[in-house]
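Report on one structure; see the data block that follows.
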Amino acid sequence: MPALELFNTLSGKIEPLFAADGQTFRFYCCGPTVYDYGHIGNFRTFLHVDVLRRVLKLNDFAVKHVMNVTDVDDKIIRNASAAGLSIAEFSRKFEDAFFEDMTSLGVERPEAIARATENIPDMVALIEKLASEDIAYKGPDGSWYFRIAKFPEYGKLSKKDFEGIEDGARVDVDEYDKDAARDFALWKAVKPGETSWQTSLGEGRPGWHIECSAMAMKFLGDSFDLHAGGEDLMFPHHENEIAQSECASHKPFARHWFHVRFLLVEGRKMSKSEGNFYTLRDLLLKGYRAAAIRFLLLSVPYRHQLNFTFDGLTESTNAIERLRTFHQRIAKGTWQESASAENTVAEAIAAGEAAFLAALANDLNTAEARAAIFDVLRTVNAAADQARLTRVEADATLALLTKFDSIFAVLEDKDAELTKAALAWAEAEGRLAEASPEVLAQYGAGSLTDADIDALIAERTQAKKQRNFARADAIRNELLEKGILLEDSKDGVRWKRK
RNA sequence: GGCGCGGUACCCAAGUGGUAAGGGAGAGGUCUGCAAAACCUUUAUGCGUCGGUUCGAUUCCGACCCGCGCCUCCA
């Protein structure tokens, strides 16, 4: 297998991946702030981190993946108060929703989930350590700040040069409680009515940046293999994490930095004000499938912006349908027991597998990996059509598909189940009106059950035997109107939801 | 203004100093009672524009045009 290589934001180069301790690849990913439902842009990042961990595992790495959940911050405090819930109730609701969505999208759960509110003492200890070296200081308002002047390497990740920036040149420092305009908050002094912790630093709550530093080092050690997040976090969040951590430990923090570029919607950044803001649940209620969303978001390599469109989603749905049909066909068909005279199919499968692995090893080129599988699909389908596919080749194909799916995870069809779950959620939240008529007809109350469908198919098969094609076609059309598509094959009737 | 990314067929998109993967869509065909699925054929003398380097550039260099992101909370 080719060695895994990945672009490192810190060095600006493609570098080999390895576990520094020779055993377990330890990495940290900045997780969600649970103040609302996640949108598909959020999930693009987590989906690509999921590919990274799956590729590591496919390459026989043991992994320890830690993700934080920010369950206290300004937005949570604001939204919880508006919803009339406690911070804990509110953030737990959206944390649960977040992980449900992750599961719907086939994202594996990290080995450890670190909640900010459960690790306050570690953050306090880290700030105390920085304070002992005069790197953290307490402002007149009782908040604690990080003295950037103490960390000359500040800016090394985002390649920003702060040398020429004069404090006070554009910002009147006197208006702030900080010594320098760029100094950032480590600990925020309590404000009336806000959730707070009574600590040696005073009463307050942690800043966002310190959370990740404290929890990453707690779970993974002072130095670890890789740190991931969306591109927007590069500055200032990750820059601040490096500053805090390296000043406290006097050791390098994460060796490798992995940043996933943004998802655009119809050419623009997704935002509520633009009205192009989609959550996973929005899309499921519109009738798009979870697997298609996963496949689309993974089809464009992580280092490129992905322009999300509904056409793209439809395209992705069709591509997955083709893969699943192919998989079913090869798994269920009967193939030649005798060895083939030529090895062209076997060679194509082997070449496809090599290309698939090489593409992933080359900076996670998911587009090329995907193409390699479609190449095999075409070759094997052609052989199957000509009744010259052998049992051995079919098995090799299935083994390759298993490998493919250990990364892409789209072959198993859970889409109907997930859409039904989304409908149930919408009903519970009083948001059923957001579901499209098609989704309601197919999955909502009064829709056909699998047993109903099987009964109709049996009746149609009977009609066909009697050459009553009018009745057979009527049943097929009736099912089609309800979104059920029939396919006659020599191995029986297949059906699927449109 | 600073930093960075991208412009490849109808759409999405990979890629390379030596002559353009893959997917989707369209068209024609094979198969089928008819469909569907599948397969076959077909759709870029061309890779934003203009120069330069080279035997040869879409791929390297320069300029320009267009789009986008970050520089503030943000995946």
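Chain A is the first sequence line, chain B the second, and so forth, proteins listed ahead of strands; every chain is numbered from 1.
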Sugar-phosphate only, base, or nothing, as touched by A:Phe235 at under 4.0 Å among non-hydrogen atoms: sugar-phosphate
Pairing partner of B:U32 (Watson-Crick or G-U wobble, both distances under 3.5 Å): none
Spacing between A:Arg182 atom CZ and B:C71 atom P, to the nearest angstrom: 11 Å
Check: A:His238 ring centroid to A:His259 ring centroid under 6.0 Å: yes
Distance, C1' atom - from B:A38 to B:C61, rounded to whole angstrom: 49 Å
Short side-chain donor-acceptor distance under 3.5 Å, A:Asp73 and A:Thr70: no
Donor-acceptor pair under 3.5 Å, A:Arg476 side chain vs B:C34 base: yes
Output field: ring centroids A:Phe98/A:Tyr37 closer than 6.0 Å: no
Counter-base of B:C70, judged by Watson-Crick or G-U geometry with both distances under 3.5 Å: B:G2
Complementary nucleotide for B:A21 - Watson-Crick or wobble, under 3.5 Å: none
Listed nucleotide nearest any side-chain atom of A:Ala367, set B:G24, B:A37, B:A13: B:A13
Whole-angstrom distance between B:C40 and B:G6, as gauged at atom P: 34 Å
Sugar-phosphate only, base, or nothing, as touched by A:His259 at under 4.0 Å among non-hydrogen atoms: nothing
Residues A:Asp141 and A:Ser143: side-chain donor-acceptor under 3.5 angstrom: yes
Test of ring centre spacing under 6.0 Å for A:Phe310 and A:Tyr278: yes
Distance, P atom - from B:U43 to B:C10, rounded to whole angstrom: 13 Å
B:C64 - base-pair partner by Watson-Crick or wobble geometry, distances under 3.5 Å: B:G48
Touch class at under 4.0 angstrom, heavy-atom based, for A:Gln386 against every strand present: nothing
Pair partner, B:U16 [Watson-Crick or wobble, under 3.5 Å]: none
A:Arg205 side chain to A:Thr195 side chain, donor-acceptor N/O pair below 3.5 angstrom: no
N or O in side chain of A:His304 less than 4.0 angstrom from B:A14 OP1/OP2: yes
A:Phe469 CZ - B:U32 C1' separation (whole Å): 10 Å
Touch class at under 4.0 angstrom, heavy-atom based, for A:Gly229 against every strand present: sugar-phosphate
Side-chain H-bond candidate by donor/acceptor type, A:Thr390 with A:Gln336, under 3.5 Å: no
Of the listed nucleotides B:C39, B:C71, B:G69, the one nearest the side chain of A:Asp385: B:C39
Sugar-phosphate only, base, or nothing, as touched by A:Ser489 at under 4.0 Å among non-hydrogen atoms: nothing
Sugar-phosphate only, base, or nothing, as touched by A:Asp73 at under 4.0 Å among non-hydrogen atoms: nothing
Sugar-phosphate, base or nothing in reach of A:Pro32, heavy atoms under 4.0 Å: nothing
Opposite nucleotide pairing with B:U54, Watson-Crick or G-U, both atom distances under 3.5 Å: none
Sugar-phosphate, base or nothing in reach of A:Leu264, heavy atoms under 4.0 Å: sugar-phosphate
Given RNA chain B, 5'-ward residue of the pair A:Asp311 and A:Ala319, judged by closest heavy atom: A:Asp311
Any donor-acceptor N/O pair under 3.5 Å between B:C74 base and A:Lys269 side chain: yes
Touch class at under 4.0 angstrom, heavy-atom based, for A:Val300 against every strand present: sugar-phosphate
Minimum-distance nucleotide to A:Arg261 side chain [options: B:C40, B:G69, B:G22]: B:G69
Nearest listed nucleotide, side chain of A:Ala371, among B:G69, B:A21, B:A75: B:A21
Counterpart base for B:A27, defined by Watson-Crick or G-U wobble contacts under 3.5 Å: B:U41
Options B:G23, B:A75, B:G69, nucleotide nearest the side-chain atoms of A:Arg370: B:G23
Atom-to-atom span, CG of A:Asn79 to C1' of B:C73 - whole angstrom: 13 Å
Touch class at under 4.0 angstrom, heavy-atom based, for A:Asp473 against every strand present: base
Phosphate contact (B:A37 OP1 or OP2) by A:Arg494 side-chain N/O below 4.0 Å: no
Distance below 4.0 Å between A:Arg378 side-chain N/O and B:G23 OP1 or OP2: yes
Side-chain N,O (A:Asn318) to OP1/OP2 (B:G24) below 4.0 Å: no
Phosphate contact (B:C39 OP1 or OP2) by A:Arg322 side-chain N/O below 4.0 Å: yes
Nearest-Å distance for atom pair CG/P, residues A:Asn307 and B:G24: 20 Å
Rounded C1' spacing from B:U54 to B:C12 in Å: 34 Å
Sugar-phosphate, base or nothing in reach of A:Leu263, heavy atoms under 4.0 Å: base
Nucleotide nearest A:Leu377 when distance is taken to its side chain, options B:C39, B:A75, B:A14: B:C39
Length of the line joining A:Met234:CE and B:C5:C1', which is rounded to integer Å: 11 Å
Donor/acceptor link under 3.5 angstrom from A:Glu315 side chain onto base of B:G23: yes
d(CG, A:Leu480; C1', B:A35) in whole Å: 10 Å
For atom OH of A:Tyr302 and atom C1' of B:A14, their distance in whole Å: 16 Å
Validation row, ring centre A:Phe27 to ring centre A:Phe258 under 6.0 Å: no
Spacing between A:Ile320 atom CD1 and B:G24 atom P, to the nearest angstrom: 11 Å
B:G22 pyrimidine/purine six-ring stacking with A:Phe374, under 5.5 Å and 30°: no
P gap between B:C70 and B:A75, integer Å: 12 Å
From B:G23, B:A13, B:G22, nucleotide with atom closest to A:Asp375 side chain: B:G22
Closest to the A:Lys464 side chain, choosing from B:G23, B:C73, B:G33: B:G33
A:Phe184 and A:His209 aromatic centres sub-6.0 Å: yes
Point-to-point distance, once rounded to the nearest 0.5 Å, from CG of A:Asn119 to CE of A:Met123: 5.5 Å
